[in-house]
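First the structure, in the form of structure tokens, and then the observations on it.
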Amino acid sequence: MAVVPSNTNLNDWDYWDYRRRLWRDLDLVDWDLPYWKRLARFNSSPDLSRVIVGKDGFEANVDVHPFKPYEIQVKTVGDTVIVEAKHEKRRDGDNFVGRHIVKRFILPRGFYPNDVRSELSSDGILTIKCPTPAQHERSVYVRQVGLPYLSIKN
């Protein structure tokens, strides 16, 4: 016997009323505008951060253009890179605006948090890089013990 959740409080009218209100709200959107302009009508913006892991290493880009360089903090905790940008409320025309963003990126296995570097471009894109771990060749010392292996085994 399968247990299927059901909501006995809703009837068919509630379902169709919900769909009607949803389409009414979505119908206010200008579908000929690009999606980032449509999102701006709902006081939202697209997430412009991206992560690339390739032969050159780990790279993450974060759009932090509303923040000044001293308001941006990049730190590593374990294998996680945390980007935090915050500025207190300040006057913007007739309004007060305060922003705070936090992005977390988990480094892939084998990447070292001590190798993480960050750069801020002039257009406000923060780039976090971590190079690929180097595969070093090393020689291992061979130590000879007193007894032969075969005599220990028997």
Side-chain angles (χ1 to χ4, degrees), residues 2-141:
V3 178
V4 178
S6 66
N7 189 352
T8 57
N9 297 332
L10 294 178
N11 58 23
D12 290 338
W13 176 254
D14 292 333
Y15 172 77
W16 291 108
D17 186 50
Y18 169 76
R19 289 180 60 90
R20 181 185 54 79
R21 284 185 281 124
L22 179 69
W23 280 107
R24 181 195 63 206
D25 294 341
L26 289 177
D27 199 28
L28 298 174
V29 176
D30 297 325
W31 292 106
D32 56 339
L33 292 176
Y35 76 95
W36 58 87
K37 289 187 178 179
R38 290 195 309 254
L39 288 173
R41 287 185 69 173
F42 295 108
N43 293 328
S44 179
S45 61
D47 188 13
L48 298 177
S49 45
R50 66 180 186 141
V51 177
I52 299 171
V53 180
K55 64 178 181 174
D56 296 332
F58 172 85
E59 182 178 318
N61 296 329
V62 181
D63 183 16
V64 291
H65 77 273
F67 301 96
K68 295 187 174 25
Y70 62 85
E71 298 172 331
I72 302 168
Q73 183 180 17
V74 179
K75 58 185 174 182
T76 59
V77 178
D79 64 345
T80 304
V81 178
I82 301 172
V83 178
E84 185 172 6
K86 179 179 184 178
H87 65 73
E88 299 299 325
K89 291 185 179 180
R90 58 182 162 201
R91 194 168 196 70
D92 183 23
D94 294 334
N95 301 324
F96 285 94
V97 176
R99 292 184 177 97
H100 183 213
I101 63 166
V102 177
K103 297 278 185 183
R104 290 180 173 83
F105 302 100
I106 298 176
L107 290 174
R109 187 176 309 198
F111 286 78
Y112 300 112
N114 292 339
D115 295 340
V116 172
R117 303 289 177 256
S118 63
E119 301 169 351
L120 183 62
S121 67
S122 60
D123 59 346
I125 302 297
L126 180 71
T127 303
I128 298 133
K129 294 181 180 181
C130 186
T132 305
Q135 301 293 331
H136 295 292
E137 181 179 316
R138 67 182 186 100
S139 59
V140 178
Y141 176 73

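Computed from a predicted structure; not experimentally measured.
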Could you tell me whether I106 atom CD1 has more than 12 heavy atoms of other residues or ligands within 6.0 Å of it?
-> no
Quick one: closest heavy-atom pair of G110 and P133, and the distance?
-> O-CG, 2.8 Å
Please list all pairs passing the ring pair (Phe, Tyr, Trp, His ring centres under 6.0 Å) test where one or both residues lie in residues 86-116, with sequence neighbours left out.
-> F67-H87
Residues at least two apart in sequence or cross-chain that pass salt bridge (Lys or Arg N to Asp or Glu O under 4.0 Å) with E59, listed by chain then number, are none
Verdict with reasoning, S121 to T127, per side chain to side chain contact (heavy atoms under 4.5 Å, CB included) = CA-CA 8 Å; S121 67; T127 303; over 6 Å; no
Least distance between heavy atoms, T132 atom then G54 atom = OG1-O, 3.9 Å
Find the distance between NZ (K103) and CG (L126) and round it off to the nearest 0.5 Å.
-> 11.5 Å
Closest contact, heavy atoms only, L107 versus P113 = CD1-CA, 3.8 Å
Determine which pairs satisfy side-chain hydrogen bond (donor to acceptor under 3.5 Å, both in side chains) with at least one residue from residues 64-79, sequence neighbours left out, and list them in order.
-> D63-H65
